[in-house]
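Note sheet for the following structure.
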Amino acid sequence: MILSVTLNPCVDKTLFTAGVRLHDSNKVARTETDAGGKGVNLSRMAAQLGARTVATGFIGCGTGRMVVHSLEQAGAGHDFVEVAEETRTNVSVESGDGPPTVFSAPGPRVDGLEWEQLLTIVSHHCDRHAWIAMGGSLPPGAPLDAYRILGDLAHQCGARVLLDADGDAMKEGLHCGPGLIKPNLDEAERLLGRTLGSLQEARDGAVELAALMKQRNADASVALSLGEHGAVLVTPRGLWLGVPPQIQAKSSIGSGDSFLGAYLTALGKGLHERDALRSAVAAGAATALSDGTRIGTVDEVDAMEARTVVLDESDLDEIDWPAVDAWPYLGYPSETG
């Protein structure tokens with residue numbers, strides 16, 4: 001049902017510290033290491049929730065084995081192009097005083113032959129899957145318009161395209177007319193060229209992005225992630241706000257990917273977009289409550305889903321929308337995790 005394409009997967013290593021002193025020695029309380037990359041995490045969550053999914057992309061020797069192992073543990077299939085250099089390792093520092101500090105490596109270089117091998121793999125799989133989910137950074141050597149090329153290929157197979165990227169790779173990929181994008185606030189601001197300083201502005205930004213998307217794909221949707229506040233979903237069939245219970249997030253790593261894995265899985269089961277949004281927001285919250293780079297479990301997703309609220313567009317007209325960082329704003333019970 002879902003073919004995920006991660007051109008630059010990684011191994012995520014998280015260091016937990018009590019604050020960080022720059023230019024000095026810091027004690028690490030503990031470490032966690034797990035597989036990472038947008039499509040990899042998406043497939044892991046989707047497989048846990050019962051979807052058929054295959055992950056592809058470029059994988060290196062050594063560290064790449066951990067990525068493959070994590071997919072197998074989750075029950076996801078994989079069909080990667082093996083490259084000579086090692087899969088990159090990203091380091092995140094969880095210092096307990098805000099979002100993690102992330103150091104992202106560039107990744108292994110890919111050549112023209114390896115790129116053609118990937119196109120062959122995607123062509124082989126794409127007519128068997130309803131969605132081709134692609135995203136993340138581009139490795140050195142990959143074409144700047146990689147996502148446009150892959151998206152056009154997916155459309156030739158009759159598959160729908162999910163694009164979750166940033167910067168020039170995202171802008172180029174939009175030319176293929178994806179069926180769904182999931183920017184966060186910062187990414188949406190870069191796409192629109194303006195600040196989204198309130199939830200009302202975020203809602204309006206999601207509507208504007210959806211209108212721009214529909215110029216290339218009449219059935220395009222936008223899921224604008226609001227972090228701990230949930231997400232605004234705009235589709236040709238409606239607009240909704242998904243609100244998780246107020247939680248004390250332990251790590252944001254993988255939350256957006258979990259959101260998308262759950263959303264596509266729910267759609268594949270025939271759920272309405274409104275109900276799929278509830279499942280997606282719950283999966284993102286469950287992963288945010290997990291330590292380091294671990295994604296949420298099925299039980300954790302179910303627990304979050306029972307307390308996730310989805311508001312219709314008519315409900316949103318009654319809300320006094322505050323600044324984005326003003327929580328709580330709807331009075332739902334908190335969940336400290």
Side-chain angles (χ1 to χ4, degrees), residues 4 6-48 55 57 59-60 62-74 76 86-108 135-137 139 164-166 182 184 186-187 225 227-228 244 247-262 282-301 304 335-337:
S4 69
T6 311
L7 299 183
N8 206 8
C10 62
V11 170
D12 283 324
K13 185 170 186 178
T14 305
L15 312 180
F16 294 85
T17 68
V20 174
R21 297 188 301 273
L22 296 178
H23 315 297
D24 199 355
S25 176
N26 292 271
K27 291 185 177 180
V28 176
R30 61 187 176 90
T31 65
E32 288 189 4
T33 304
D34 206 348
K38 287 186 179 295
V40 171
N41 287 332
L42 186 157
S43 282
R44 291 167 67 196
M45 177 58 76
Q48 283 188 166
I59 202 77
T63 50
R65 288 194 291 269
M66 175 175 286
V67 175
V68 171
H69 179 64
S70 72
L71 288 163
E72 291 174 344
Q73 282 190 313
E86 283 202 358
T87 294
R88 63 190 176 134
T89 297
N90 292 338
V91 178
S92 300
V93 180
E94 294 272 6
S95 51
D97 53 0
T101 301
V102 182
F103 300 88
S104 298
S137 64
D164 184 16
D166 193 14
K182 188 211 64 64
N184 59 30
D186 291 337
E187 292 164 347
S225 171
E228 63 186 5
I247 62 174
Q248 185 175 346
K250 295 180 180 178
S251 175
S252 61
I253 298 172
S255 290
D257 312 325
S258 297
F259 175 102
L260 290 171
T287 292
L289 277 175
S290 64
D291 287 329
T293 57
R294 184 177 71 82
I295 64 173
T297 66
V298 174
D299 288 343
E300 290 166 342
V301 173
M304 286 291 102
E335 171 66 59
T336 59

**Asked** Is a side-chain N or O of Thr6 found less than 3.5 angstrom from the main chain of Asn8, in a donor-acceptor match?
**Response** no
**Set of residues satisfying side chain to side chain contact (heavy atoms under 4.5 Å, CB included) with respect to Ala55, sequence neighbours excluded** = Ser4, Ser43, Leu71, Phe80
**Item:** CD on Glu300 to CZ on Arg294, rounded to 0.5 Å
**Value:** 4.5 Å
**Message:** Between Asp97 and Ser95, do the side chains contain a donor N or O and an acceptor N or O under 3.5 Å apart?
**Reply:** yes
**Item:** Point-to-point distance, once rounded to the nearest 0.5 Å, from CG of Asp34 to CD of Gln73
**Value:** 8.5 Å
**Request:** Can you measure from CD (Glu32) to OG (Ser92) and round to the nearest 0.5 angstrom?
**Result:** 11.0 Å
**Prompt:** Does some side-chain heavy atom of Met45 sit less than 4.5 Å from a side-chain heavy atom of Val301?
**Reply:** yes
**Request:** Could you tell me whether the side chain of Phe103 reaches within less than 4.5 Å of the side chain of Val93, counting heavy atoms only?
**Result:** yes
**Item:** Any Ser70 side-chain heavy atom under 4.5 Å of Arg44 side chain
**Value:** yes
**Fill in**
Separation between OG (Ser258) and CE (Met304), nearest 0.5 Å, reads 13.0 Å
**Message:** Using only atom types and a distance under 3.5 Å, with no angle test, would you say the side chain of Thr31 pairs donor to acceptor with the backbone of Leu15?
**Reply:** no
**Message:** Which heavy atom of Thr89 sits nearest to which heavy atom of Lys13, and what is that distance?
**Reply:** CG2-CB, 4.3 Å
**Asked** Does Asp12 use its side chain to pair, donor to acceptor, with the backbone of Cys10 at less than 3.5 Å?
**Response** no
**Request:** May I ask you to test the Thr101-Val20 pair for a side-chain heavy-atom distance under 4.5 Å?
**Result:** no
**Asked** With side chains defined as the heavy atoms from C-beta onward, is the minimum distance between Met66 and Thr33 less than 4.5 Å?
**Response** yes
**Complete:** Here the gap from Phe16 atom CZ to Glu94 atom CD, rounded to the nearest 0.5 Å, amounts to 5.5 Å
**Fill in**
The reported gap from CG in Asp166 to CG in Asp186 (rounded to nearest 0.5 angstrom) is 8.5 Å
**Taking every non-hydrogen atom, the tightest pair across Pro9 and Ile59** = CG-CD1, 4.0 Å
**Request:** Can you see which heavy atom on Gly296 is nearest to which on Ser290, and at what distance?
**Result:** N-OG, 4.4 Å
**Asked** Closest approach of Thr87 and Gly64, non-hydrogen atoms and distance?
**Response** OG1-CA, 3.5 Å
**Heavy-atom pair with the smallest gap, counting every atom of Lys182 and Asp164** = O-OD1, 3.3 Å
**Asked** Can you tell me if Asn90 uses its side chain to pair, donor with acceptor, with the backbone of Ala105 under 3.5 Å?
**Response** yes
**Smallest separation among heavy atoms of Ala283 and Ala262, with atom names** = CB-CB, 3.5 Å
